[in-house]
Amino acid sequence: SQDVTIGYSALRISLPVFVAVENGYFEEQGLNVNLERFDTAQPLMQALVAGTVDVAGYTALPITYNSMLRSGKDLYFVTAMMEDQQHLISYFLVKSDASEDTSVVDFRGKKIGVLPTIAYQKWLEVILKENGLSLDDVEVVPLAPTLQPSALASGQVDALFTNDPAATTAIQQNIARKISDEALVPKYLGDPFIFGSFNIEKSYADTNPEITQKVTIAMDKAAKFVNENPTQAKEAMKKYLHESQQEYVQFYPDAS
């Protein structure tokens, strides 16, 4: 078998990676995969362009393009996670007891907790702009995913702009609710929205075409499984989460 290290972000957007491992798709291809965990996608992408991992996903596109630009590294794109109105990824969350007519406009001068990545800052900027505000009108507070629900509950922040597992955990623990049933990122940036990708560093791929092909076949198979078996796909993520988050995977939106 051939060895390959795959970096992953411990977020719901990495669902196909978990499915590929749990369903044995890498093994089928004769690959011995060593998984390397990253709490969020920004350090994951930094590791990929630095060459400490050769294959990695999933990472939101602003992070990917920013890293490619800064490092001068070329990456191949293998599968993408899509966000549309039927497949929510990013949530704008307010406290569960916030008044029903609370809207984005009401966060002028308030603190908004975000995933500590360039992607969430850029997307928040667009959402604010579409609602007559700018980043200067709010205080953006980068927060590690595991800290987000408690930060909202304690009043450290007034809202969260984030994804899973933090978002569904906060909702199911009755700490938070969505400000709107609409998927705001696709609403303002195009629907369907190409949210993030699974990538292979180009020089590694060019030197290891056989491994690259095998990884691609496994990931394509995983993407197909996620689309066709959404409930089972979510279950595949359980063991990769913190214990406090595991019971909520069934409540995740379906992925595309």
Side-chain angles (χ1 to χ4, degrees), residues 6-19 36-50 53 55-71 73-93 112-130 135 140-148 159-168 178 182-201 219 222-223 226 237 240-241 252-256:
I6 297 179
Y8 71 93
S9 53
L11 302 168
R12 176 165 58 92
I13 58 170
S14 298
L15 206 52
V17 179
F18 310 133
V19 165
E36 197 165 322
R37 184 185 190 279
F38 294 82
D39 284 340
T40 61
Q42 200 137 314
L44 169 68
M45 184 48 68
Q46 283 161 355
L48 184 62
V49 295
V53 295
V55 180
Y58 280 62
T59 311
L61 291 192
I63 303 170
T64 309
Y65 291 139
N66 189 50
S67 298
M68 287 168 73
L69 201 61
R70 285 168 172 240
S71 67
K73 286 280 181 78
D74 287 328
L75 302 175
Y76 284 122
F77 287 70
V78 183
T79 76
M81 177 73 79
M82 307 301 289
E83 184 173 23
D84 56 37
Q85 292 304 329
Q86 281 69 51
H87 303 92
L88 182 73
I89 299 176
S90 296
Y91 301 67
F92 196 112
L93 297 177
I112 301 177
V114 298
L115 272 185
T117 73
I118 189 172
Y120 276 81
Q121 299 228 15
K122 290 295 177 192
W123 295 333
L124 179 61
E125 190 175 356
V126 173
I127 291 169
L128 291 171
K129 190 180 171 188
E130 292 287 341
L135 279 181
V140 177
V141 183
L143 286 169
T146 48
L147 303 177
Q148 290 179 351
L160 289 173
F161 181 46
T162 188
N163 63 16
D164 285 318
T168 295
K178 290 182 284 184
E182 285 184 300
L184 297 180
V185 176
K187 177 183 179 179
Y188 297 129
L189 283 156
D191 190 339
F193 179 72
I194 304 175
F195 184 95
S197 60
F198 184 86
N199 296 90
I200 302 182
E201 205 272 315
M219 290 304 296
V226 169
M237 186 172 180
Y240 298 92
L241 293 171
Y252 292 166
D254 292 349
S256 170

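Remember, predicted model here, so these are calculated numbers, not experimental data. In this chain, numbering begins with 1 at the start of the sequence shown.
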Would you check, one step at a time, whether the test side chain to side chain contact (heavy atoms under 4.5 Å, CB included) holds for Leu93 with Lys178?
CA-CA 5 Å; Leu93 297 177; Lys178 290 182 284 184; 4.0 Å; yes
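- Formation of a donor-acceptor pair under 3.5 Å by the Ser67 side chain with backbone atoms of Ile63 is found in this model.
- Gln85 places no side-chain N or O within 3.5 Å of a backbone atom of Glu182 that could act as its donor or acceptor partner.
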The test is side chain to side chain contact (heavy atoms under 4.5 Å, CB included); show your working for Phe77 and Thr64 and say whether it passes.
CA-CA 10 Å; Phe77 287 70; Thr64 309; 3.8 Å; yes
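- For the pair Ala50 and Lys73, the tightest heavy-atom approach, listed with the atom from each and the gap, is C-NZ, 4.3 Å.
- When all heavy atoms are compared, the tightest approach of Ala166 to Pro145 is CB-O, 3.5 Å.
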Check the pair Gln42 / Gln46 against side chain to side chain contact (heavy atoms under 4.5 Å, CB included), numbers first and verdict last.
CA-CA 6 Å; Gln42 200 137 314; Gln46 283 161 355; 4.0 Å; yes
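- Scanning all heavy atoms of the two residues, the minimum distance from Met45 to Asn199 falls at CE-OD1, 3.9 Å.
- Judged by distance alone, with hydrogens and angles left aside, the side-chain atoms of Thr162 form no donor-acceptor pair with the main-chain N or O of Val114 at under 3.5 Å.
- Put simply, the side chain of Glu36 does not reach to within 4.5 Å of the side chain of Ile6, judged on heavy atoms.
- By the 6.0 Å contact criterion, CG on Leu61 is enclosed, its count of non-hydrogen atoms from other residues, nucleotides or ligands being greater than 12.
- Looking only at distances, a side-chain donor or acceptor of Ser9 sits under 3.5 Å from a matching main-chain atom of Tyr58.
- Across all non-hydrogen atoms, the minimal contact from Asp84 to Ala183 is O-CB, 3.8 Å.
- The distance between the ring centers of Tyr8 and Phe18 falls below 6.0 angstrom.
- No option in Phe161, Tyr91, Phe195, Tyr188 other than Phe195 meets the ring pair (Phe, Tyr, Trp, His ring centres under 6.0 Å) test with Trp123.
- Taking every heavy atom of both residues into account, Ala223 and Pro16 meet most closely at N-CB, 4.4 Å.
- A donor-acceptor pair under 3.5 Å is formed between the side chain of Gln148 and the backbone N or O of Leu143.
- Annotation for Gly57 and Val17: closest pair O-CG2, 4.0 Å, computed over non-hydrogen atoms.
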Show the numbers, then the answer: is there a side chain to side chain contact (heavy atoms under 4.5 Å, CB included) between Met82 and His87?
CA-CA 8 Å; Met82 307 301 289; His87 303 92; over 6 Å; no
